[in-house]
Amino acid sequence: MDTLKLAALLFPDVTKTPEDMEALFPERDLPKGAVVSRAAPSPTGFVHLGNLVQGLTSERMSHQSGGILFLRVEDTDAKREIPGAVETLIKALRHYDIEFDEGATVDGDHGLYGPYRQSQRKDIYHIYAKKLVLEGLAYPCFCTEEDLANMRDEQEAEKANFGYFGKWALWRDRSIEDIEEKLSSGIPWVLRFRSTGSLENKIKFTDLIKGDLELTENDIDHVLLKSDGIPTYHFAHAVDDHLMRTTHVVRGDEWLPSLPLHIQLFKALGFRLPKYVHIGPLMKMDGNSKRKLSKRKDPELALTYYKAEGYPVESIYEYILTILNSNFEDWRRANPALPAADFKFSYKKMNPAGSLFDVMKLRDVSKDVISRMDAKKVYTDVLSWALEFDLEFASCLSKYEDTSIAAFSIGRGGKKPRKDFAVWKEVKEYMGFFFDELFTIEDSYGDEFSKDDIKAALSMFLDTYCPEDDRTVWFDKVKAVADSLGFASDMKLYRDNPEAFKGSVADISMFLRVAVTGKINSPDMYDVMQILGHERVETRINNMISSL
Ligand code: GLU
């Protein structure tokens, strides 16, 4: 075969060479051991936890080693692309604080190794496609859909393996005349790899997460360029990760079956093979068994779910570290105050079989994370969530900034901070009563209490209430109300002999709580009253008295 002629026929416009590309995209000048890695998502319109797990793993590996992380958008599948999906993808990764040093951004590409969108790299792929043709390692195939369907039918009938190989590879050894004839009639073609692999041969390979693997060689002549000249994932992966000087390919283990082809391609192209880090899937418990999280069944796979619920970015970050690295929780217990980014992440601590995802556990982690934030930060984050998802709440938060921050300060700081909410969506329920616009009486007094006692307790409290009282004086006054109405002010006495009393001081507090907050459960009453101020406390208690 005259490959020179074939290459000229197939790629008449390609004038640049692989050497030109090597010069344009030289080896990166980085210290030894620095990891260059990337996130390479496809803009399908659905950004999911897997993207975050992949992004975070590669981000930690790159940045902890003093290396580089870049974002490459794998937008070669125009059919699947939804308008705006690239921007959605970039913004979602940005929202979760995955910091890219280079790559695609909403304002275009940044960095010297671009373009970072595969749809803009067609010319580059063709340089390498031409090289493979010149070396006899790739050839055009003019099979129609129908030819390929027939091939599959025959393979099925013969119980042969599926795929374009051996005697089924109709265009593998066709003459240049046949090819020229098709080309001149304008018949569409794809470029196929000329595989020299055999199912008889095994390759030994070490994946950084999966460990030592024995893979079967690939014997299929896979498509490298589709009929529109756009590369398949396999070809683009080899060309891009070589030219962008990726040292570590971090990706989902659904790509493991394609690895033998990728190893062949790197070799055929004369590229050094990067290291591979194949991440196991995210799973959840379904009854007693584990299964992969599914786009169809599990809304919690989508990142939009976490944003709408109002999970702080820090909580998601912390939880992902928890499920990816088995030693993260111990580290956190030993270092409660350090930022999660100080943790020494290691791919060695990742479970090759994947990670178990559990929303309840995420909630616990999130409560911890929020309990460590200061009130101002909580305020800012809740407000920005509310501006997107609950405008009524947002307008109260903005109108009463000081009250809100004071409310978020209750029980914050100290050794045992309160853990009242896991997501911003729950905050309104927790503290909306501070705002007159949102205050309503939600809970009612139980039938076991007489209205007269409740009214009496409320008005006696008001008679003596003085906002300048400290916590102890305030509580003594509540106890005094209890005593004078036949409720126990001493909880021990009450527990020993409950029949002797109408109730206890806890019930008196509850009467106040429902009047002032509308609820049976609320943050500390003393603090709440301090923040609401004398006038509001008085109005709310009086309103309750007159409604009974
Ligand atoms: N575009 C591929 C995906 O979204 C990327 C895999 C890779 O990281 O190489 O699955």
Side-chain angles (χ1 to χ4, degrees), residues 306 309-319 322 329 332-340 358-386 390 393-394 396-397 400-435 438-440 442-443 467 469-472 474-475 478 491 504-533 536-537 540:
Y306 300 92
E309 287 290 302
Y311 278 97
V313 167
E314 294 84 348
S315 301
I316 302 285
Y317 190 94
E318 179 112 356
Y319 181 62
T322 307
E329 279 182 283
R332 174 50 82 205
R333 268 188 289 275
N335 302 284
L338 292 183
D358 172 6
V359 175
M360 290 320 283
K361 176 81 183 162
L362 165 63
R363 286 183 55 83
D364 287 344
V365 166
S366 191
K367 281 186 176 175
D368 284 342
V369 167
I370 293 174
S371 77
R372 290 194 295 266
M373 292 176 175
D374 68 34
K376 183 84 211 287
K377 155 100 177 134
V378 173
Y379 172 76
T380 312
D381 288 9
V382 177
L383 177 59
S384 78
W385 172 84
D390 187 344
F393 189 37
C396 290
L397 288 164
Y400 307 108
E401 179 171 345
D402 293 345
T403 302
S404 307
I405 294 175
F408 290 131
S409 304
I410 299 177
R412 204 159 282 282
K415 278 230 153 54
K416 275 200 173 282
R418 287 183 67 102
K419 296 177 184 172
D420 294 292
F421 38 85
V423 293
W424 303 143
K425 201 180 187 175
E426 292 164 354
V427 172
K428 186 180 184 178
E429 172 67 22
Y430 168 76
M431 55 81 83
F433 65 84
F434 278 104
F435 314 129
L438 300 179
F439 171 68
T440 51
E442 288 174 21
D443 294 335
D469 290 343
D470 69 17
R471 196 179 291 276
T472 318
W474 176 87
F475 193 48
V478 180
M491 289 308 285
S504 75
V505 67
D507 298 315
I508 304 291
S509 295
M510 183 270 285
F511 298 162
L512 293 169
R513 181 166 273 134
V514 173
V516 171
T517 71
K519 289 186 235 273
I520 285 177
N521 293 310
S522 80
D524 183 89
M525 265 325 286
Y526 175 78
D527 290 329
V528 167
M529 288 189 182
Q530 289 291 307
I531 296 167
L532 283 174
R536 269 212 188 84
V537 169
R540 289 187 184 183

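Sequence positions, counted from 1, serve as the residue numbers for this chain. Worth saying up front: this structure is predicted, and the values here are computed from it rather than measured.
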task = Find out whether V359 and Y311 are in side-chain contact, i.e. whether some heavy atom of one side chain is under 4.5 Å from a heavy atom of the other.
result = yes
Note: T380 and K376 closest approach over all heavy atoms is OG1-O, 2.8 Å
_Please check: side-chain N/O of D507 versus main-chain N/O of S504, any donor-acceptor pairing under 3.5 Å?_
yes
### Beyond-backbone contact of P312 with W424, side-chain heavy atoms, under 4.5 angstrom
yes
Exercise. Counting N and O atoms only, with roles assigned by atom type, does the side chain of R372 sit under 3.5 Å from a partner on the main chain of P336, one being a donor and the other an acceptor?
Worked result: yes
Show your reasoning for whether side chain to side chain contact (heavy atoms under 4.5 Å, CB included) applies to W385 and V427. CA-CA 11 Å; W385 172 84; V427 172; over 6 Å; no
Output for pair (M510 CE, N521 CG), nearest 0.5 Å, gives 10.5 Å
For L438, the side-chain contact (heavy atoms from CB on, under 4.5 Å) test, sequence neighbours excluded, returns E392, F393, C396, K428, F435
Heavy-atom nearest pair, K367 first then F421, reads CG-O, 3.5 Å
(request) Report the C-alpha separation of Y379 and L383 in whole Å, then their side-chain angles, then the decisive distance to 0.1 Å, and conclude whether the side chain to side chain contact (heavy atoms under 4.5 Å, CB included) test is met. (result) CA-CA 6 Å; Y379 172 76; L383 177 59; 3.9 Å; yes
Minimal heavy-atom distance between I370 and R412, with the atoms involved, is O-NH1, 2.7 Å
Heavy-atom nearest pair, F434 first then A407, reads CE1-CB, 3.4 Å
Those residues at least two apart in sequence (or on a different chain) that pass side-chain contact (heavy atoms from CB on, under 4.5 Å) with A340 are Y317, E318, L321, F328, R332
inquiry  = Keeping D527 on the side-chain end and I410 on the backbone end, is there a donor-acceptor pair under 3.5 Å?
reply    = no
Kindly indicate whether the side chain of M525, heavy atoms from C-beta on, has any atom under 4.5 Å from the side chain of V478. no
query: Where the side chain of S366 meets the backbone of R363, is there a donor-acceptor pair that is under 3.5 Å apart?
result: no
| query | Taking everything shown except D470 itself, do over 12 heavy atoms lie less than 6.0 Å from its CG? | reply | yes
Closest non-hydrogen contact found for R540 with V516 is NH1-O, 2.9 Å
So side-chain hydrogen bond (donor to acceptor under 3.5 Å, both in side chains) across residues 508-518, not counting sequence neighbours, yields R513-S522
| Would M431 and D420 count as a side chain to side chain contact (heavy atoms under 4.5 Å, CB included) if you check the C-alpha gap in whole Å, the side-chain angles of each, and the deciding distance to 0.1 Å? | CA-CA 10 Å; M431 55 81 83; D420 294 292; over 6 Å; no
Within a strict 4.5 Å, meaning less than it, do heavy atoms of the E314 and P339 side chains meet?
no
Q. Under 4.5 Å between any side-chain heavy atoms of F475 and D469, yes or no?
A. no
query: Within the distance-only criterion (no hydrogens, no angle test), does the side chain of Y430 pair as donor or acceptor with the backbone N or O of P523 below 3.5 angstrom?
result: no
Nearest heavy-atom approach of V365 to S315 is CG1-O, 4.1 Å
Salt bridge (charged side-chain N to carboxylate O under 4.0 Å, His left out) filter on D374, not counting sequence neighbours, yields none
Separation between CG (D368) and CE (M373), nearest 0.5 Å, reads 11.5 Å
Considering only heavy atoms from C-beta outward, does the side chain of E426 approach that of V423 to under 4.5 Å?
yes
Those residues at least two apart in sequence (or on a different chain) that pass salt bridge (charged side-chain N to carboxylate O under 4.0 Å, His left out) with R536 are D436
For residues Y319 and D358, determine if any side-chain heavy atom of one lies less than 4.5 Å from a side-chain heavy atom of the other. yes
Contacts of F408 meeting ring pair (Phe, Tyr, Trp, His ring centres under 6.0 Å) (sequence neighbours excluded), chain-then-number -> none
One should read off an interatomic distance between T403 OG1 and L532 CG, to the nearest 0.5 angstrom, of 8.0 Å
Quiz prompt | Within-4.5 Å side-chain heavy-atom neighbours: E442 and E429 | solution = yes
